[in-house]
2 protein chains.
Amino acid sequence: MISGKFAITIHILTLLTKFPNDYLSSEFIAGSINLNPVLVRKEIANLKAHHIVESKEGKNGGTKLAVDSTKITLKEIFEMTFETINLGYAKNQPNPDCPVGKKINQNLSALYADMNQKVSLQLDGISLEDFSNQF
Amino acid sequence: MISGKFAITIHILTLLTKFPNDYLSSEFIAGSINLNPVLVRKEIANLKAHHIVESKEGKNGGTKLAVDSTKITLKEIFEMTFETINLGYAKNQPNPDCPVGKKINQNLSALYADMNQKVSLQLDGISLEDFSNQF
DNA sequence: TCATACTGTAATAAAATATGTTACAAATGT
DNA sequence: ACATTTGTAACATATTTTATTACAGTATGA
């Protein structure tokens, strides 16, 4: 659910990094993203499950970072929100009687695995702090 | 149109590489992919526009490779079918009055541009012939 | 020259996925 | 008590992807 998960999550985390001492409300965050607050809370729920942020309910509640922004990398955020990169698979059970159909998904998988390794290496070199400092 | 364009196109081209002297019908190709023949023809139309394949209409018609499979790389195929890789953008005009909202898409773009460069480098090292030889 | 087997393409339908909304219980500060 | 906020479920809408139908045009070969 939510295909722009990574973008939304990065946006949330950048805001939290900018205000590390405040509990930001989902309404406030949603105002920056221009997104429904419920969707923000859903992504925050995911971040909480990974112990990246903590929330406080009730009045003056909200969410703040639970980790040091220099210690977490975009790779980890990627993995929390966007399983893997790929360029698609044959989804309708390709013909198992055809040598190509039989192995196409397996060979695509191997190709995509390489892609992901390269992307992961790149993202692992960028901390949330690095990314936030661009703003 | 068609998100699995790359996968479908690779499948088509692998088949054409395996039978470099035959005109394969969209029906035959669709049988291996297990896909509607019209969708196959649409992807073939794209390949024709890029002069990668040629087709013959009428009885005993079909499609065959128009280039040497050792001369074309997966990078070129990627570029014909899958503009760029990305992990999503903020789509609802993020708030321009927020320093983060104002620059988020720009910074995501820069990140994704790096990703694409790395992926392109990988795909440029694999010819269609290389890929087909795995089957 | 006619039946057949293809491509090419448009129009439309169906299915899948992503995004947005409403509603409300539960928690917490003042 | 009251206002404000999270958490979550249920539902609604929009968008994108995939599939289908239909048919005109073209080549082949009996």
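Letters A, B, ... mirror the listed sequences (proteins, then strands); counts begin at 1.
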### Message
Give me each pair satisfying ring pair (Phe, Tyr, Trp, His ring centres under 6.0 Å) with a member in residues 98-120 of chain B, each pair once, sequence neighbours excluded.
### Response
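The answer is B:Tyr89-B:Tyr112.
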Report the distance from atom [atom1] of [X] to atom [atom2] of [N], rounded to the nearest whole Å.
X       : N      : atom1 : atom2 : answer
B:Leu35 : C:dA14 : CG    : P     : 19 Å
A:Lys64 : D:dT6  : NZ    : P     : 15 Å
A:Lys42 : D:dT8  : NZ    : C1'   : 8 Å
B:Ile33 : D:dT18 : CD1   : P     : 12 Å
A:Leu39 : D:dC11 : CG    : P     : 18 Å
A:Asn36 : D:dC11 : CG    : C1'   : 13 Å
A:His11 : C:dT19 : NE2   : C1'   : 17 Å
B:Glu43 : D:dT17 : CD    : P     : 12 Å

Identify each atom pair where a protein N or O and an N or O of nucleotides 5-8 of chain C are less than 3.5 Å apart, giving names and distance.
unit_1 : atom_1 : unit_2  : atom_2 : d
C:dA5  : N3     : B:Lys59 : N      : 3.3
C:dC6  : O2     : B:Gly58 : N      : 3.4
C:dT7  : OP1    : B:Ser26 : N      : 2.8
C:dT7  : OP2    : B:Ser26 : OG     : 2.7
C:dG8  : OP1    : B:Lys48 : NZ     : 2.0
C:dG8  : N7     : B:Arg41 : NE     : 3.0
C:dG8  : O6     : B:Arg41 : NH2    : 3.1

### Message
Using the salt bridge (charged side-chain N to carboxylate O under 4.0 Å, His left out) criterion, which residues pair with A:Glu27? Sequence neighbours excluded.
### Response
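Testing A:Glu27 for salt bridge (charged side-chain N to carboxylate O under 4.0 Å, His left out), a comparison that skips the adjacent residues, returns none.
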### Query
With a cut-off of 6.0 Å (strictly less than), are more than 12 heavy atoms of other residues, nucleotides or ligands near CD of A:Glu129?
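Atom CD in A:Glu129 is crowded, with more than 12 foreign heavy atoms closer than 6.0 Å.
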#### Entry: Which residues share a ring pair (Phe, Tyr, Trp, His ring centres under 6.0 Å) with A:Phe135, sequence neighbours left out
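So A:Phe135 forms a ring pair (Phe, Tyr, Trp, His ring centres under 6.0 Å) with A:Phe131.
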### Task
Under the side-chain hydrogen bond (donor to acceptor under 3.5 Å, both in side chains) rule, collect the residues that match up with A:Asp114, sequence neighbours excluded.
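Testing A:Asp114 for side-chain hydrogen bond (donor to acceptor under 3.5 Å, both in side chains), a comparison that skips the adjacent residues, returns none.
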### Task
Hey, could you give me each pair passing side-chain hydrogen bond (donor to acceptor under 3.5 Å, both in side chains) that has a residue in residues 11-22 of chain A? Not counting sequence neighbours.
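Applying side-chain hydrogen bond (donor to acceptor under 3.5 Å, both in side chains) to every pair that reaches into residues 11-22 of chain A, excluding sequence neighbours, yields A:His11-A:Ser32.
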